[in-house]
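Take a look at the structure set out below.
Every number for a ligand or one of its atoms is a count from 1 in the order of the listing.
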Amino acid sequence: MIRTRLCDFLGIDFPIICAPMGFVTGAELAAAVSNAGGLGIMAFSGNPPEALRQEIRRLRSLTDRPFGVNLILHYPVEEHVTVCIEEKVPILSFFWGDPSRFVERAHAVGIKVFHQVGSVRTAQRAVKAGVDVIIAQGVEAGGHIEGEVTTMALVPRVVDAISPIPVVATGGIADARGFVAALALGADGVSLGTRFLATTESNAHPIYKERVLKANEEDTVLTTLFGHGWPNAPHRTIRTAFVEEWLGKEERGNESRSDELVIGETRIAGELVPVVRFKGYPPSKDASGDIESMNLLAGQGVGLVHDIKTASTIVRELVEGAQSITKNRLNGFMGGT
Ligand SMILES: Cc1cc2nc3c(=O)[nH]c(=O)nc-3n(C[C@H](O)[C@H](O)[C@H](O)COP(=O)(O)O)c2cc1C
């Protein structure tokens with residue numbers, strides 16, 4: 001059993017979170033992690049507010065455990081927040097921007113508020129606004145990245161700066177070794193994205209999952225290339241042939257041209273929509289077209305992901321692995337004392 005105070009605070013068994021991943025962490029994956037004793041956080045994925053409400057209800061039908069819903073503050077999310085408040089989701093998780101205007105309304109109905117940050121400065125600002133849990137994101141993370149500091153250097157700094165507010169480490173953690181290391185750094189839990197991307201329950205397109213399995217820690221790049229609709233926002237993605245072709249010419253991807261080349265289709269809230277070149281969202285299993293030229297977001301921890309597993313297997317292996325490392329490896333260093 002690996003428990004921290006985060007488990008008591010959230011009513012979960014293990015301090016393991018499935019990160020919200022737009023178009024990847026849907027209701028099935030979030031529910032699977034929550035049912036396994038962790039915490040699943042469903043991503044927003046461009047759904048209009050009423051579609052989000054239906055997804056929240058679907059998620060509730062799949063689990064009776066706590067779960068979260070994530071909203072990216074680059075987008076107008078007022079109505080989405082209202083839906084989350086009306087549906088009384090257990091946790092609202094924010095990223096990219098200032099969550100302060102939502103905290104009081106969420107707390108008023110008992111919703112806990114998470115905010116993901118990439119610096120001590122933004123962590124302190126979020127705590128001042130009343131955020132309950134800070135997710136400290138290192139630059140090795142997959143997806144959009146707020147800061148420039150590695151998980152190893154950032155987590156203890158954030159822990160020291162905002163104590164006693166709980167801190168969750170994210171970025172580059174993909175197995176039990178990273179889990180234990182994060183706890184040693186002072187984190188109260190971990191949030192894994194890239195590892196949960198390669199699960200049977202994840203919504204990632206099969207070709208995308210295949211690329212994740214093949215990639216190693218040197219195969220990702222931090223770029224602003226996929227900036228159509230969300231310009232100049234750094235993100236870590238797999239170095240595909242398409243990415244290699246455009247590195248150094250990122251400004252082209254940030255022009256958000258209305259006549260941009262269409263490279264495929266995907267489904268948002270039941271509707272088929274065109275996917276244009278340089279669009280930021282990764283290909284879900286509903287996507288068709290030139291999948292390899294879409295945004296295959298992944299973190300440097302991708303080198304540790306070799307197989308597709310169920311989400312519950314990953315949670316179990318993290319817990320058992322952490323127990324084994326603590327008992328067999330770390331205890332061994334205490335010899336003679
Ligand atoms: C495919 C993908 C999509 C992501 N989408 C989101 C998102 O919608 N909202 C968010 O807050 N973070 C998003 N992130 C970032 C994650 O919350 C988290 O910071 C990251 O996955 C941690 O690093 P790791 O991938 O090395 O585990 C995404 C990450 C990935 C890999």
Legend entry - Ring centroid separation Trp230 to His235 under 6.0 Å: no
Legend entry - Atoms of ligand 1, numbered as shown, that sit under 4.0 Å from any heavy atom of Leu192: 27 (O)
Inset, instruction - List every atom of ligand 1 that sits less than 4.0 Å from any heavy atom of Thr194, numbering the atoms from 1 in the order shown and giving each element. - result: 24 (P), 25 (O), 26 (O), 27 (O)
Legend entry - Evaluation steps, ring-ring contact (aromatic ring centres under 6.0 Å, His included), between Phe44 and His80: CA-CA 9 Å; Phe44 134 82; His80 299 82; 5.0 Å; yes
Inset, instruction - Using distance alone, with no hydrogens and no angle criterion, decide if Ser119 and Arg157 have a side-chain donor and acceptor under 3.5 Å apart. - result: no
Legend entry - Proximal atoms of ligand 1 relative to Ile72 (non-hydrogen, under 4.0 Å): 7 (C), 8 (O), 9 (N)
Inset, instruction - Check each of Gly143, Gly118, Gly22 against atom 5 (N) of ligand 1 and report the one with the nearest heavy atom. - result: Gly22
Legend entry - Closest candidate by heavy atom, reference atom 26 (O) of ligand 1, pool Ser202, Gly178, Gly172, Gly138: Gly172
Inset, instruction - Flag Asn70 as yes when one of its N or O atoms lies below 3.5 Å from any N or O atom of ligand 1, and as no otherwise. - result: yes
Legend entry - Pair Arg252 + Glu260, salt bridge at N-O below 4.0 Å: yes
Inset, instruction - Say whether Phe95, considering both its backbone and side-chain N or O atoms, lies within less than 3.5 Å of an N or O atom on ligand 1. - result: no
Legend entry - Electrostatic pair Arg57:Glu87 at N-O distance under 4.0 angstrom: yes
Inset, instruction - Tell me yes or no: between the side chains of Asn47 and Ser45, is some donor less than 3.5 Å from an acceptor? - result: no
Inset, instruction - Check each heavy atom of Tyr281 against ligand 1 and say whether those closer than 4.0 Å belong to the side chain, the backbone, both or neither. - result: neither
Legend entry - ligand 1 atoms in contact with Gln137 (distance to a heavy atom under 4.0 Å): 19 (O)
Inset, instruction - Pull out every atom of ligand 1 sitting under 4.0 Å from any heavy atom of Gln116, numbered as shown with elements. - result: 11 (O), 12 (N), 17 (O), 18 (C), 19 (O)
Legend entry - Atoms of ligand 1, numbered as shown, that sit under 4.0 Å from any heavy atom of Tyr208: 1 (C)
Legend entry - Candidate with minimal heavy-atom separation from atom 20 (C) of ligand 1, of Gly142, Cys18, Ala43, Pro20: Gly142
Inset, instruction - May I ask you to say whether Asp307 pairs ionically with Arg195, meaning some side-chain N is under 4.0 Å from a carboxylate O? - result: yes
